[in-house]
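Residue numbering restarts at 1 for every chain, and letters A, B, ... go by the order of the sequence lines.
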Number of protein chains: 2
Amino acid sequence: MTECKQQHNPEECTKMIVPVRDALEILNGKWKLPIILSLTFGAKRFKQISKDINGITDRMLSKELKDLEVNQLVKRTVHDTFPPTVEYAITEHGKSLEKMITELRNWGLEHRKQIMGNN
Amino acid sequence: MTECKQQHNPEECTKMIVPVRDALEILNGKWKLPIILSLTFGAKRFKQISKDINGITDRMLSKELKDLEVNQLVKRTVHDTFPPTVEYAITEHGKSLEKMITELRNWGLEHRKQIMGNN
DNA sequence: AGTATTACTACCCTCAATGATAGTGCTATA
DNA sequence: TATAGCACTATCATTGAGGGTAGTAATACT
């Protein structure tokens, strides 16, 4: 971490923030990270993902999967069986989110403890 | 990481997702992580933060700071000088987000490279 | 006298995110 | 026969995130 104190170089700080905002733009909304996490446990089909993620609607899942595909985080594969089955898998690039999601998850667990404690 | 394969134990996966969703609920929106990152470089005043974060309006900054305060990620201190100055600082609990934000930031930088490459 | 700064609050508005519900074409199962 | 599952798509409605503009009380600068 470089320095970015109030009195020093405020523009440094602005620059640090940019890639965070980039990332947030790709991963925005309630559902993208849960979907990615679900797929880190193996390729899955549409209905399977929707069962993993409590409360997501088909409409949202469909849309979010499309977004993730466009951003190369998820790969969609159609198998030409009868009936055709569709499988979603995480890409290498998607896997690079694993560490970050783990940190987020741990923080979520910590936060719950923290809030419980301070009542 | 415990196992959570399609054929094995789908409920495991659901459980893994819960704390991620908890975290996302606290940190949602475009602005909270940028604000926290800005404050990891030292306590700052309102206008200073708004200068660090390009594009945020006073209205949003005010609201997000309030949210962060409620969730004990940011501490607000009023100094009774004339005129009174208000200082925002990150809490210990807020600091526990640092690793996660660093991971997110690195991913943001990686992602930019990735997307540039595949055109 | 006029303008700027600080740390906001109030009001109004728009649009994107999300939710609810239903439908489709096909197959498998009871 | 009918019921259910799959992988969606379409339509409609709602909500909330976020933006635009303005105002305020106090002081400080020019």
Test of understanding: with salt bridge (charged side-chain N to carboxylate O under 4.0 Å, His left out), list the residues that count as partners of A:Lys66, not counting sequence neighbours.
none
Which letters describe nucleotides 4-20 of chain C, given B = protein heavy atom under 4.0 Å from base, S = only from sugar-phosphate, - = neither?
--SSBS-BB-----BBB
Rounded to whole Å, how long is the line connecting atom CG of B:Leu61 with atom P of D:dA17?
16 Å
Residue set satisfying salt bridge (charged side-chain N to carboxylate O under 4.0 Å, His left out) with A:Lys95, at least two apart, ordered chain then number -> A:Glu92
Using atom types as modelled, flag every donor-acceptor pair under 3.5 Å from a side chain in residues 54-61 of chain A to any protein atom, sequence neighbours excluded.
residue, atom, partner, partner atom, Å
A:Thr57, OG1, A:Met60, N, 3.2

Using the side chain to side chain donor-acceptor pair (under 3.5 Å) criterion, which residues pair with B:Ser96? Sequence neighbours excluded.
A:Trp107
With sequence neighbours excluded, what pairs up with B:Asn106 under the side chain to side chain donor-acceptor pair (under 3.5 Å) test?
none
Base-contact (B) and sugar-phosphate-only (S) positions in nucleotides 25-30 of chain C, heavy-atom cut-off under 4.0 Å, - elsewhere
------
Can you classify the ring geometry of B:His93 versus A:His111 as parallel (below 30°), tilted (30 to 60°) or perpendicular (above 60°)?
parallel
What residues, two or more places apart in sequence or in another chain, satisfy ring pair (Phe, Tyr, Trp, His ring centres under 6.0 Å) together with B:Trp31?
none
For A:Asp22, all residues meeting salt bridge (charged side-chain N to carboxylate O under 4.0 Å, His left out), sequence neighbours excluded
B:Arg112
Kindly give the atom pairs (protein nitrogen or oxygen, nucleotide nitrogen or oxygen) under 3.5 Å for nucleotides 14-16 of chain D.
none

Could you list the residues that satisfy side chain to side chain donor-acceptor pair (under 3.5 Å) with A:Lys63, not counting sequence neighbours?
A:Asp67
Kindly write out the residues that satisfy salt bridge (charged side-chain N to carboxylate O under 4.0 Å, His left out) with A:Glu110, not counting sequence neighbours, or none if the list is empty.
A:Lys113
